[in-house]
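All remarks here apply to the structure that follows.
Keep in mind the model is a prediction, meaning the values are calculated, not measured. Chain letters run A, B, ... following the sequence lines, proteins first, then strands; residues in each count from 1. Values below: all heavy atoms of this structure, side chains included; hydrogens, waters and symmetry mates excluded.
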Amino acid sequence: MTAPVFTLGQLAERLGATLRGAADKPISGLATLHEAGPGQLSFLANPQYRKFLAETRAGAVLLTPADAEGYAGDALLIANPYLAYAQLSHLFDRKPQPLAGVHPTALVAADAQVDTSASIGAYAVIESGALIGAGVSVGAHCFVGARSVIGEGGWLAPRVTLYHDVKIGKRVVIQSGAVIGGEGFGFANEKGVWQKIAQIGGVTIGDDVEIGANTTIDRGALADTLIGNGVKLDNQIMIAHNVQVGDHTAMAACCGISGSTRIGKHCMLAGGVGLVGHIEICDGVFITGMTMVTRSITEPGAYSSGTAMQPAAEWKKSVARIRQLDDMARRLQQLEKRLAAVTSAGNASSDDA
Amino acid sequence: MTAPVFTLGQLAERLGATLRGAADKPISGLATLHEAGPGQLSFLANPQYRKFLAETRAGAVLLTPADAEGYAGDALLIANPYLAYAQLSHLFDRKPQPLAGVHPTALVAADAQVDTSASIGAYAVIESGALIGAGVSVGAHCFVGARSVIGEGGWLAPRVTLYHDVKIGKRVVIQSGAVIGGEGFGFANEKGVWQKIAQIGGVTIGDDVEIGANTTIDRGALADTLIGNGVKLDNQIMIAHNVQVGDHTAMAACCGISGSTRIGKHCMLAGGVGLVGHIEICDGVFITGMTMVTRSITEPGAYSSGTAMQPAAEWKKSVARIRQLDDMARRLQQLEKRLAAVTSAGNASSDDA
Amino acid sequence: MTAPVFTLGQLAERLGATLRGAADKPISGLATLHEAGPGQLSFLANPQYRKFLAETRAGAVLLTPADAEGYAGDALLIANPYLAYAQLSHLFDRKPQPLAGVHPTALVAADAQVDTSASIGAYAVIESGALIGAGVSVGAHCFVGARSVIGEGGWLAPRVTLYHDVKIGKRVVIQSGAVIGGEGFGFANEKGVWQKIAQIGGVTIGDDVEIGANTTIDRGALADTLIGNGVKLDNQIMIAHNVQVGDHTAMAACCGISGSTRIGKHCMLAGGVGLVGHIEICDGVFITGMTMVTRSITEPGAYSSGTAMQPAAEWKKSVARIRQLDDMARRLQQLEKRLAAVTSAGNASSDDA
């Protein structure tokens, strides 16, 4: 499989960009300004990288008209170069294209329905009553549980597990190792012994969702765990039972969302953020990396917790001081009182004088 | 598969609950007070939800006798409604029931022993010397390594890996993607290069244990990693080599337990808790979410670390101040000394006056 | 499979250690000083465990010559007992040895190349153009994507996923559930909707690397994600797209490295460390557990963040005080000014007197 080649003119046309330079210049790939060679297209999205523009060897660059003024080489001028790069990136993707049809080694239950345009990979197992939509690709070694549904255009990497009664919308991408519909962590404590609560809800996932490698989304205890449209979940994220994630919210890797918590629309969680259970996060919230969220958020905006990294020796002092902080606060208050007493005594003397 | 239907009378009898209302009312499911319809049973366990009782449309409610006084609808009266809900939940679980027998595509080593009542799923691989007990269900795509043992009544979801020499007790549930017996992280450093230490111990897991999706439990370096009876581990937990977890301890998702650490019985770790290696946690400890545990705990009780979430702008100030904390503490001490000097000077003056 | 037996003399010869005691004493295993029996060899590496030497029942002990002076039993004297233990550990490993050849159920693409000395496990899938080197073992249920390469001597546990265009060096060990080459988390935001960026880079992994269970290493957005020689990654680590990890760096479990970050050589990250994206960590850095790293590190040394665990009631006070810290700092400054004023006023009076 050789890399595809396009001309700069073809790419300009595809994007609706203004072409500056040789329309017939062949472009065989994409690369950063720093790494691109003469046959590659690059882009300038982050102003920090403007310095690389002068010395780039790229065959052409995606630029805003404003940035293009300072650049003499071939260019495609467009309002949002990063979005343009996103659009072109798919042209150069060497990800293997699935072939329609059921691999001879795949096991599809007699009463499961697989669209004829779908691709079912080697050793995949599709259980009773499952529905696989048009153009769906189910990778090798995937397991699709009873009555689960994958909407049209979905793509499951090899080795994805869907338990039973998992409903997935259209054009959903799920990376390898993800587990959707595992049994939520629910137990009733009876004299110190944990008694299991069957998790009889399912999982409902909207359209255009991405789910990262080894991410887990548990089924609901009673009703379904809900993931909205356009939600993007990175790798190794944990979504507990009964969680609801609003449309177009994105989470970076290693976030953990505890049971029954509801997250609004258009939120962004950086990596390693943890949310306690049974809270609510409103729309438009941004949470910085590794923040511990123990209460609801009712106002859009950015939120953080944690302490800054220090050299370990200094950090040990900070840590010790934090443990003394309550004592320090009391001593500070004492000082204020005592100083006020001294000052007022002094004032009195002055007045007396 | 249609949902099962029970009468309220049948459910009362099964629980030993006092029935108040129509014994022949059909109940086809469970739901929260908020979401239940006329054919569903609900429950009141958390006093916070008492407000939903007045307006619930549930066909009947599991209640304590005390709470039932304020409720006019059909009810099942019982001392512990949450435990009763846990017990009934299994009646309404649509989780597919495994069929006894070895799937024709499963590969079972000639010298492995599989009880005739066990179920071995499609494409499962059972290696030499393994023992699969009565009533065990091994899901599709599972791998059971050499000489590993699964006690009676165990249930492995699809796609679980047990390495060799993993001993699992009775009635153990393991969710998809879990890896038990992976090689612990052990290396000796030789002039900057890490030399691997073979992990020659195994893993021993007690009875009635639950292991969540994508959780990993490493084999011991020399002796076995040990998980006690009744331990409940949520998803994406990491248990390193030589760890010991006491009976009936529960951990929520994303906890990480470093090598050779020992955790007592009846402990609870909330999500994202991390324990350093080679420490000991006594029985009856509760650790709140995302706590960093760097030393042993010798007294039962609740423990925490970390800072509270703040709006990011305020947080930046807090973070900067924490780095100045050692300096602040010294200045506070200075102030105390100086004020004491002033005060004693002032006192002297007063005395003089 | 019975445990192998060696004589003490054989072990001494293999290590180049000085034998003290019976050369023909049979040794059938390794154990800690505390747990070893008469047929087992133990070792003293950590001075903390010297106290166990007096009462050990071990058949022999690996010791430095200095430590051997205080021990009367049979011993193997060597400069680095821990390294010696690492070397001997492989002799007693009961890990099943793979047999050369392709399992009849494995699916190998017609144009994939598998060395005749390699072992391909049951139900493994090897895609078009893949190259499997000499002596490589690919476990059951593994998936090796198109054009991916596994260098000689590699060992993949059952159920590992390599996507397409993943290049792996020699003698690389990958534990079960690991996912290499998953699609990096890249999206361009278009009016609140995330547009996917195809991840057209691959992953390049050096020689002698270890990758833990359920660890994920994403493919690059444009160029490859790079893992250097001798890197050791524990379980459930997340390496995002475009990350570069320098030679001989080790990370304990649950670390998360955000996109485009570069980590130097010979670094050590303890468990649960998180690194923000687009930063650089120099060679020789040690980061303690659960540290949040939000900026580049340019000096070798140890770094930390976070607060120390406290009993929850005390912690609540600390947390509240941290939120007041900016206010406290201002009040402290006020006090200093006021006290200076008082003192100078006092001085003035004295001068006046």
Side-chain angles (χ1 to χ4, degrees), chain A residues 107 123 125 127-128 141 143 145-146 159 161 163-165 177 179 182-183 185 187-188 190 192-198 200 214 216 218 222-223 236 238 240 256 258 274 276 288 291-295 301-308 310 317-318 321-322 324 328 331-332 335 338-339 342 345, chain B residues 30-32 35 80 82-83 85-87 89-90 92-96 105 122-123 140-141 157-159 173 175-177 210 212-214 230 232 234-236 248 250 252-254 266 271-272 289-290 306-312 315 319 322-323 325-326 328-329 332 335-336 339 342-343 346:
Chain A
L107 296 173
Y123 299 125
V125 174
E127 296 275 280
S128 170
H141 302 127
F143 179 89
R159 200 157 64 72
T161 300
Y163 281 60
H164 55 286
D165 296 307
V179 177
E183 297 176 12
F185 197 64
F187 300 90
E190 185 184 19
V193 174
W194 299 102
Q195 302 296 346
K196 177 160 185 152
I197 299 171
I200 64 180
N214 285 347
T216 56
D218 276 354
L222 293 166
Q236 299 197 39
M238 163 58 183
S258 303
V276 77
T288 63
T291 291
M292 171 171 81
V293 183
T294 56
R295 57 181 176 79
Y303 296 84
S304 307
S305 79
T307 76
Q310 297 178 274
K317 288 182 197 168
S318 296
R321 293 304 188 190
I322 287 172
Q324 300 163 358
M328 277 175 67
R331 286 160 55 201
L332 183 63
L335 273 178
R338 286 166 56 198
L339 187 60
V342 167
Chain B
L30 296 170
T32 61
E35 296 178 318
N80 188 340
Y82 196 62
L83 183 60
Y85 150 57
Q87 290 164 342
S89 67
H90 298 275
F92 299 99
D93 194 358
R94 298 185 74 206
K95 180 172 165 176
T105 61
Y123 298 125
H141 302 128
R159 197 158 65 73
V173 171
Q175 304 292 334
S176 186
E210 293 250 344
N214 285 348
K232 309 297 181 188
D234 197 355
N235 297 355
Q236 298 196 39
H248 307 296
C254 306
H266 298 288
M290 297 178 82
T307 76
M309 181 184 67
Q310 296 178 276
W315 170 77
V319 159
I322 287 171
R323 295 174 75 163
L325 204 46
D326 193 54
M328 277 174 65
L332 184 63
L335 273 177
E336 287 171 329
L339 187 61
V342 168
T343 316

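- Each of B:Leu339, B:Ile322, B:Thr32, B:Val319 has some count of heavy-atom pairs under 4.5 Å with chain A, and the biggest count is that of B:Leu339.
- In this structure the side chain of A:Glu183 reaches within 4.5 angstrom of the side chain of B:Lys95, judged on heavy atoms.
- Evaluation of the side chain to side chain contact (heavy atoms under 4.5 Å, CB included) rule for A:Val276 yields A:Ile279 as partners, not counting sequence neighbours.
- Residues B:Ser89 and A:Lys196 share a closest heavy-atom pair of OG-O, 4.4 Å.
- Counting heavy-atom pairs closer than 4.5 Å to chain A, the top residue among B:Glu35, B:Gln236, B:His266 is B:Gln236.
- In this structure, the portions of A:Thr161 lying under 4.5 Å from any heavy atom of chain B include both its backbone and its side chain.
- In plain terms, the two heavy atoms of A:Val179 and B:Ser176 that are nearest each other are CG2-O, 3.6 Å.
- You'll find the side chain of A:Asp218 stays beyond 4.5 Å of the side chain of B:Gln175, heavy atoms only.
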Stepwise side chain to side chain contact (heavy atoms under 4.5 Å, CB included) check, B:Thr105 with A:Tyr123: CA-CA 10 Å; B:Thr105 61; A:Tyr123 299 125; over 6 Å; no
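- For the options B:Gly212, B:Ala213, B:Gly177, heavy-atom pairs under 4.5 Å to chain A are most numerous at B:Ala213.
- Using a 4.5 Å heavy-atom cutoff, the side chains of B:Glu210 and A:Trp194 are not in contact.
- Judged purely by distance below 3.5 Å, without hydrogens or angles, the side chains of B:Gln87 and A:Gln195 never pair a donor atom with an acceptor atom.
- In terms of heavy-atom pairs under 4.5 angstrom with chain B, the leader among A:Tyr303, A:Tyr163, A:Phe185 is A:Phe185.
- Closest of all the heavy-atom pairs between B:Leu325 and A:Ser318 is CD2-O, 4.2 Å.
- Interface remark: B:His248 contributes backbone and side-chain atoms alike to the contact with chain A (heavy atom separation under 4.5 Å).
- Qualifying ring pair (Phe, Tyr, Trp, His ring centres under 6.0 Å) partners for B:Phe92, counting only residues two or more places apart in sequence or in other chains: B:Phe6.
- Your options are A:Ala146, A:Ser304, A:Ser128, and the one with the most heavy-atom pairs under 4.5 Å with chain B is A:Ser304.
- No part of A:Ser258 comes within reach of chain B, as not one of its non-hydrogen atoms sits under 4.5 angstrom from that chain.
- Among the candidates A:Arg338, A:Glu190, A:His164, the residue making the largest number of heavy-atom pairs closer than 4.5 Å to chain B is A:His164.
- Shown here for A:Thr307 and B:Thr307, the closest heavy-atom pair between the two residues is CG2-CG2, 3.7 Å.
- Contact annotation for A:Asp165: only side-chain heavy atoms (C-beta onward) come within less than 4.5 Å of a heavy atom of chain B.
- One finds the OG1 atom of A:Thr288 at 10.0 Å from the CE atom of B:Met309 (value rounded to the nearest 0.5 Å).
- Under the 4.5 Å side-chain criterion, counting only non-hydrogen atoms from C-beta, A:Arg159 is not in contact with B:His141.
- Among B:Ala250, B:Ala252, B:Gly306, B:Gly272, the residue making the largest number of heavy-atom pairs under 4.5 Å with chain A is B:Ala250.
- For a residue to count as touching a neighbouring chain, one of its non-hydrogen atoms must lie under 4.5 Å from one of that chain's; by this rule A:Glu127 does not touch chain B.
- You'll find the side chain of A:Arg331 reaches within 4.5 Å of the side chain of B:Leu332, heavy atoms only.
- When each of B:Leu335, B:Val173, B:Asp234 is scored by its heavy-atom pairs under 4.5 Å with chain A, the top score falls to B:Asp234.
- With a threshold of 4.5 angstrom between heavy atoms, B:Ala308 approaches chain A through N, CA, C or O but not through any side-chain atom.
- The part of B:Ala31 that comes within reach of chain A is its backbone (N, CA, C, O), which places non-hydrogen atoms under 4.5 angstrom from that chain.
- Of the two parts of B:Glu336, the backbone and the side chain both hold a non-hydrogen atom closer than 4.5 Å to a non-hydrogen atom of chain A.
- The minimum heavy-atom distance linking B:Ala253 with A:Met238 is given by the pair CB-CG, 3.6 Å.
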